Asks: 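Have a look at the structure that comes next, please.
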Protein chains: 2
Amino acid sequence: MSDVSSIPPRPGLPVGTAAERRDAARNRERLLAAARELIADCGAEGLTMDRLAEHAGVGKGTVFRRFGSRAGLMLTLLSESEAVFQSRFMFGPPPLGPGAPGLERLIAFGVERISYVMEFGDLVLAAEHASHGRFEAPAAVLWHRHIEILLREEGFGSDPWLMAWSLAATLDPERLLSLVKVHGITPDRLAASWRDLVTRVVRGA
Amino acid sequence: MSDVSSIPPRPGLPVGTAAERRDAARNRERLLAAARELIADCGAEGLTMDRLAEHAGVGKGTVFRRFGSRAGLMLTLLSESEAVFQSRFMFGPPPLGPGAPGLERLIAFGVERISYVMEFGDLVLAAEHASHGRFEAPAAVLWHRHIEILLREEGFGSDPWLMAWSLAATLDPERLLSLVKVHGITPDRLAASWRDLVTRVVRGA
DNA sequence: CATCTAAACGGACTACGGTCCGCTTAAAAT
DNA sequence: ATTTTAAGCGGACCGTAGTCCGTTTAGATG
């Protein structure tokens with residue numbers, strides 16, 4: 001009978017899964033290291049699953065066994081910074097975290113999200129691409145819910161759930177990146193427009 | 001010396017291009033017919049370029065010579081209904097066309113767009129997918145401009161161009177289809193939320 | 001230590017979008 | 001009618017994501 005409490009924690013993996021074998025853990029580390037290296041060298045678009053497998057010295061099947069898909073790999077690479085972002089708007093200091101009025105939190109949320117996309121843009125894009133249910137990803141669901149709650153807090157009456165979706169659409173990474181990279185819009189201007197949008201939506205009650 | 005005026009019109013092709021050879025025209029018709037047939041049978045996702053080539057009895061290279069890419073093919077298939085939609089909101093009767101106040105036209109535009117996506121959803125999706133500059137497609141540019149003009153007409157002062165992008169984001173086909181197909185939202189509810197959104201944005205001056 | 005088994009592994013294989021290039025042919029010019 | 005030439009054509013070929021299945025091995029059991 002094995003002692004469950006002796007199983008070492010494996011950050012990033014769902015709880016309740018059987019313990020990871022040594023070789024599996026080693027290969028996961030190898031793969032993540034190789035992936036970060038390749039992205040640093042060739043950018044996120046330059047990372048192919050074949051190259052990753054070769055670079056990490058494992059078979060291709062192993063890559064897919066670990067991460068399920070390319071999008072899954074990108075998600076894993078992002079998970080740390082995502083977690084930081086999430087904890088900041090859920091538990092951090094105002095105006096992003098609790099303590100400030102809903103409208104200010106909404107504004108801060110959009111501004112932070114824009115910064116986040118500017119920093120990890122291509123990775124986020126790669127994580128969303130090919131993932132058919134991109135709107136059902138746990139992180140996306142969390143944002144929608146967050147926005148919805150803030151809307152309700154501000155007394156938004158009519159269909160706050162759907163309005164949260166509309167507002168989230170404005171923060172879509174692909175759109176933001178297109179605006180910045182193709183049209184040369186500055187992040188500041190994006191932030192100003194977001195502030196304007198949410199203010200009108202909330203005040204227009 | 002050839003008489004330019006004797007060249008027969010080729011709907012859907014850019015003007016200023018050299019006349020199409022007979023065999024090319026014949027193959028284009030074959031391909032479009034085969035494409036519509038395949039889509040009717042297997043849905044838009046079931047249409048692959050290889051199958052299309054085989055089904056139409058032409059080589060694969062011919063398919064790509066005609067349409068450039070899968071997205072280009074889908075765009076061609078949509079072009080007729082797109083043109084109808086465009087002419088309706090640009091030249092048609094109010095409230096969609098000119099003659100009604102800007103806000104009413106905005107509301108009508110969103111409602112019509114939602115209907116359009118409900119009707120041609122998967123085709124629109126296939127036309128956007130894999131096309132890297134989906135926001136720079138001629139049709140998309142036209143909508144943005146249309147929304148922007150209506151905003152200005154309503155006296156929207158601060159950055160109407162960017163606000164038009166935000167509003168257009170709400171009407172993104174992928175999002176709309178996900179809401180309807182995954183979350184079971186009715187088109188009516190989408191339309192109501194759109195009305196609410198644009199009203200708040202315009203009135204909130 | 002020997003045995004056993006389920007997890008992990010690897011790389012050949014498929015499906016797909018897209019490119020390339022040598023051959024064919026419509027149709028213009030003579 | 002013959003010649004000429006550029007548009008059109010076909011399908012082999014490439015890179016990529018993702019699957020399959022026979023083989024290997026970590027690590028638990030006795």
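Just so you know, these numbers use all the heavy atoms, side chains as well, and skip hydrogens, waters and symmetry mates. Please read these numbers as outputs of a predicted model, since none were measured by experiment. Every chain is numbered from 1 and lettered A, B, ... according to where its sequence line falls, protein lines coming before strand lines.
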Asks: Mind checking what makes side-chain hydrogen bond (donor to acceptor under 3.5 Å, both in side chains) contact with B:D122, not counting sequence neighbours?
Replies: none
Asks: In whole Å, I'd like the distance from the CZ atom of B:F64 to the P atom of C:dC16.
Replies: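 Between P of C:dC16 and CZ of B:F64: 12 Å.
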Asks: Name the residue closer to the 5' end of DNA chain C, choosing between A:A24 and B:R65 according to the nucleotide with the nearest heavy atom.
Replies: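 In this pair, the answer is A:A24.
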Asks: Would you tell me if any nitrogen or oxygen in the side chain of B:N27 comes within less than 4.0 Å of OP1 or OP2 on D:dG8?
Replies: no
Asks: Taking 4.0 angstrom as the limit, do A:R134 and A:D172 come out as a salt bridge?
Replies: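 Yes.
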Asks: Write down the distance between CD (A:E54) and P (C:dG10), rounded to a whole number of angstrom.
Replies: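 Answer to the nearest Å: 13 Å.
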Asks: State whether the side chain of A:E154 and the backbone N or O of A:V202 hold a donor-acceptor pair below 3.5 Å, judged by distance alone.
Replies: no
Asks: Mind checking side-chain hydrogen bond (donor to acceptor under 3.5 Å, both in side chains) for A:R152 and listing every partner two or more places apart, or none if nothing turns up?
Replies: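 Counting only residues at least two positions away or on another chain, A:R152 forms a side-chain hydrogen bond (donor to acceptor under 3.5 Å, both in side chains) with A:E148.
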Asks: Closer than 4.0 angstrom, basic N to acidic O: yes or no for A:D23 and A:R30?
Replies: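 Salt bridge: no.
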Asks: Whether B:T62 contacts D:dG8 is assessed here as follows: a side-chain N or O lying under 4.0 Å from the phosphate OP1 or OP2. Is that the case?
Replies: no
Asks: Taking salt bridge (Lys or Arg N to Asp or Glu O under 4.0 Å) as the definition, give me every residue that meets it alongside B:R189, ordered by chain and number, with sequence neighbours left out.
Replies: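 Counting only residues at least two positions away or on another chain, B:R189 forms a salt bridge (Lys or Arg N to Asp or Glu O under 4.0 Å) with A:D159.
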Asks: Using a cut-off of strictly less than 4.0 Å, decide whether B:R26 has a side-chain nitrogen or oxygen near OP1 or OP2 of D:dG8.
Replies: no
Asks: Flag the pair B:E20 and B:R66 as a salt bridge only when some basic side-chain nitrogen lies within less than 4.0 angstrom of an acidic carboxylate oxygen.
Replies: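 Salt bridge: yes.
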Asks: Between the protein and nucleotides 13-15 of chain D, list every N/O to N/O distance that falls short of 3.5 Å.
Replies:
none

Asks: To the nearest Å, give me how far apart CG (B:L31) and P (D:dG10) are.
Replies: 9 Å
Asks: Mind checking ring pair (Phe, Tyr, Trp, His ring centres under 6.0 Å) for A:F64 and listing every partner two or more places apart, or none if nothing turns up?
Replies: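 With neighbours one apart ignored, the set is empty.
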Asks: Quick one: A:L52 CG to D:dT16 P, roughly how many Å, whole number?
Replies: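 After rounding, the gap between these two atoms is 13 Å.
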Asks: Can you tell me how the ring of A:W143 sits relative to the ring of A:F85, calling it parallel under 30°, perpendicular over 60° and tilted otherwise?
Replies: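 A:W143 and A:F85: perpendicular rings.
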Asks: Atom pairs under 3.5 Å, N or O on each side, protein against nucleotides 25-28 of chain D: can you list them with distances?
Replies:
{"from": "D:dA26", "atom 1": "O4'", "to": "A:R21", "atom 2": "NE", "distance (Å)": "3.4"}
{"from": "D:dG27", "atom 1": "OP1", "to": "A:R22", "atom 2": "N", "distance (Å)": "2.8"}

Asks: Can you measure A:R30 atom CZ to C:dA8 atom C1' for me and round it to whole angstrom units?
Replies: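 Rounded to whole Å, this separation is 13 Å.
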Asks: Does C:dG17 have OP1 or OP2 under 4.0 Å away from a side-chain N or O of B:R70?
Replies: yes
Asks: Whole-Å distance between C:dG10 C1' and A:M49 CE?
Replies: 15 Å
Asks: If I take atom CE in residue B:M74 and atom P in nucleotide C:dC16, what distance separates them, rounded to the nearest angstrom?
Replies: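 The distance from CE of B:M74 to P of C:dC16 comes to 13 Å, rounded to the nearest Å.
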